[in-house]
Amino acid sequence: MISESENHRTVGDKVAEPYQARIMVSLRDAIRRGRSGAVLAPTGSGKSLLAAAGAEDAVEIGKPILVLHPDVSLLRQNYAQFEAVPALRDARTAFYVAKTEVIGDGEMARNTLDADLIPATNMSLVNKLEDEEFLRGLDEFGRRGGVALIDEGHKAAAEQLSAVLERIARAGGSGIVLTATPFRTDGKDPLDPFGASIEHDLIDVATYDEVLATGRTVPTRFDLATGEFEAHLGAEAVGLIESAFLALLAENKSVDQASQQAFSRFFKADASEGDQAIADLIVTALVRIWAKRAVKAVLAMIHCDSVEFAKALSQALSEQRMPKGHKRAGDFPRVAFVVAGEIRVWRNSEETGLAEGEPAGRKIKRDDLLDAARAGAFDILVNVNALGVGTDVPQTDLNILACQERSIGPVKQISGRGERAHRPTGKTHQVFVDVGNSILRIFNDIDAMRRNDPERSRRQVRGLAAPIREQFEAWFDKDPSLRAQIEQRQREIRLRLGESDSEQYDDPLDSTMAWGDEDTLPVPKPFAAGLLAAGMRRYDSETRRFSSRLALFCDLYQAGLYGPEALPDLPRWLVATHDERLNVQQAFVCQSLDVARKYAAFVGIRYDDEYENTPPSERQRRFLRSLQQEKPQAQPWLEPFAEPESATQISAGIDLLKNRASLLATMLAAGATRLIERATGAHGLQPTIRSVVLDRPNQLTPQRRELLAAYCRLRHRLGEIAPHAFGRRAAPFSITTYDPSVLPEVRNIVAATDIGFFVIEDAEKEEALKPRLAEGLMSSSIVAVGPKGPSDAWIRQKAGFARHDDAAHARESSFRTLLSELRDSDSEDGMIAITLTRLEYREIASAKPGRELTRAIADMARELIALLSADGTMPADGDQVETIRSGIETNAPEIAVSFPIGRLRARFAQQIVPNQKRILKSLEKAAAFKKNREAYLQAAQQAPERNAGAGQSFSPA
């Protein structure tokens, strides 16, 4: 019988911890009820004991249990625990493992599900899927109420294994997942075949804190060594590594794939001489990082991203000396290189066999190597995906992540190798060294979720069950130095990016510009917080009235449009000018107020001594005060208003604030547009711009990021002054990127504003947004910016445009011009209305696919209708088709068919070149026909008038 209670349970020769006993009660209840679900427990919490308890309970209840493992090493580890349980020793046991594997000392029953306990590896079951007898065995296993216990379930969602589990589920079996990291980058869920999910069907959870409190595990001290790593490599090598990462992304690799291969390209056999030099730098940097931290280390694990990299690093480490202060100081480190199918060992800088003094050459088994490591035979284990899940070498106290992992699952599993307690060495913590910004990104993702800001986290983190997020929070919180390290790392990134920035972001004065003498430059006077104003009045003899010219100067620091850490080399002043007579606004970004004054003078705003020295009247003062009180929502950032001292100063204030501060909003909108132009490098942008799309956002310079942030803050404030400042309706705006690994400092561009930051991180969303992106690009309401300015070709590719060269732009321009020529004069804004006669619209309705129509206007209209369709053919429905159908039903002499201009232009740009040329040809014919027809109709209309006039001239006397 099993002795158990809520707080006590003995499994074989081991007494469960209180949290284990609690989970075992939940697990037994799930097995008894046939409930599918997940048990979440941190690395080192004793999942082997939980698996043994689950197997013991299933056997006692009378249900067969299939225990699935990702590899045979974990299976051996669990089976050793099973053998210590009397009920399981006596149970009928069968194995699904490779033919060459021998488990235990006695006879092995293999490849049968007609047993009580069936330990198996995932692949051994998948390899049986073509075996009809095996499939019948799965059915019978399910009918017997069998339980599939999936250890390390995050590795068990492959489609083929899912077919095995579905067979069990359909027959009535249940599934239980045991894992510390219940998430996968492919989004699969091993419980899906059972109609359950890890996120929503939790059987029980062991928290990070309660496992830590038992002494089974030790806390992690993080060591963010990325800055140190980059300092060893140098800026040029770091740039090439990041370029390699971006090149992999361009090959449609996922972020995780690109990250895992970030270093590997430099170690390939066919690597160039330059790449080989960088590979040497990477190895040297990691050797130095290890040496600096090895003084107090008992055993170091180093995790690389390629076999070639790991081999080179292992060889280099074997030739070092243990650092001064280590108990083996001066000796060569004992190094093992471990990958799937190959293990090599170095002692005294020479390759040897596993045992000391044994020559190299004999194949070394992984389990034998781990036994030797546990016995203290090694100082360093270098591996590639070989020392993760299930690896138990508890004296590991130095973990070095020598790759750029982005997924939190692998990072937590790797860290778990060093979190197991080891009393013989007095281990109190492990040091987890990160050289690739992995912890930085994961910390910021988790921290964003903690602060209830899911938009700033990747999808993988947003999808985590709350208990798992809490475990990660506790993992990070146990190291109080981590947040300071994160902030330091972010500063290093900003500094490194800023060092390479040689662009000019301000508007420099040109030697050909004329602004008059120094004493005629406008003298700006305080208006509000961070704002100065200057103006002048002039008399216009044509209109016989005075009109104003006005300049608004904004100190971007004082106005709070720059953040507290803004770089000192950013342009400080934004000046916007307004000419009342011409109703024209201009804006400039300047390095100094002196330059800003010269720009204002250049557009005609000069110092007027008489006007400047005229005091304001009391009536003007009262009027200005009333205007200042009209905008209470703007007060927090406009105040304090300056008390005007001259006619110039008060007239500028009145002009800015009258009509509900419309001129202030207009001038600030012009200034904001200039900011976004300088931030993106684009030209001719409109205030109605609705989105900036970031290309390679993590490489944007701090200056470019800060200018974007200043634009977002100013646009946010404009919404407070005039919610409809950008035309007659509110103008939404957002920052968007396709890079899910975007850094926090990039996301902070929109901090403390109502502007959205969106990450398009999957193909489905990207495809769905493509039409809106295409229309925005063609209407210039969306602009893309990369590290060096506009990214025209990249964003056009994202929008599905056919070509990105000058010829493509010329065809698009021709299309836009021809649409304008064909447009009826009474077309609505954003639409093009085309009038079709009865013969023309009937010809369209009866047209055969691929056949050119005889009437030019009809052929052109048919091309435009097909252009709007999904497949480029005449659709069965749609507004245009409905208009033609209605015309046929009423036999109308003519109809007006309307098309959305933005969508037409976007769809044209997405066509292949032959289609574009065919469409242009049709439009050219139609435009020529329309022009001739209008000329004929005009001439026909004028003929009777001329005849009438002639008749009057020659009337009889």
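Here the structure is a predicted model, which is why all the values come from computation and not from measurement.
Among the candidates K365, R366, K311, K363, the single residue satisfying the salt bridge (Lys or Arg N to Asp or Glu O under 4.0 Å) test with E342 is K311.
Under a cut-off of 6.0 angstrom, the local environment of CG in N385 is sparse, with at most 12 non-hydrogen atoms contributed by other residues, nucleotides or ligands. No more than 12 heavy atoms of other residues, nucleotides or ligands sit less than 6.0 Å from atom CZ of R483.
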Next on the checklist: Under the criterion ring-ring contact (aromatic ring centres under 6.0 Å, His included), I'd like the reasoning laid out for F476 against F222: C-alpha separation, chi angles, the key distance, then a yes or no.
Outcome noted: CA-CA 8 Å; F476 291 137; F222 296 94; 5.6 Å; yes
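With a 4.5 Å cut-off on side-chain heavy atoms, V433 and R293 count as touching. Using a 4.5 Å heavy-atom threshold, the side chains of L66 and L68 count as touching.
Put simply, CH2 on W290 and CD1 on I302 are 8.0 Å apart, with the number rounded to the nearest 0.5 Å. Rounding to the nearest 0.5 Å places NE2 of H232 at 11.0 Å from CG of L281. If you take CG on L370 and CG on L381, they are separated by 7.5 Å, rounding to the nearest 0.5 Å. If you take CD on E308 and CG on L313, they are separated by 13.0 Å, rounding to the nearest 0.5 Å. With rounding to the nearest 0.5 Å, the separation of CD in E101 from CE in M108 is 8.5 Å. Between the OG1 atom of T391 and the CE atom of M301 there is a distance of 6.0 Å, given to the nearest 0.5 Å.
For W346 and F378, the ring centers sit 6.0 Å or farther from each other. The ring of F95 has its center closer than 6.0 angstrom to the ring center of Y79. Between F266 and F309, the ring center distance fails the sub-6.0 Å criterion.
In this structure, the side chain of E358 engages the main chain of A355 through a donor-acceptor pair within 3.5 Å.
Of all non-hydrogen atoms in E405 and V411, the two that sit nearest each other are CB-CG2, 3.5 Å.
A cation-pi arrangement is absent between R417 and F432, since the terminal nitrogen or guanidinium carbon is not both under 6.0 Å from the aromatic centre and inside a 45° cone about the axis.
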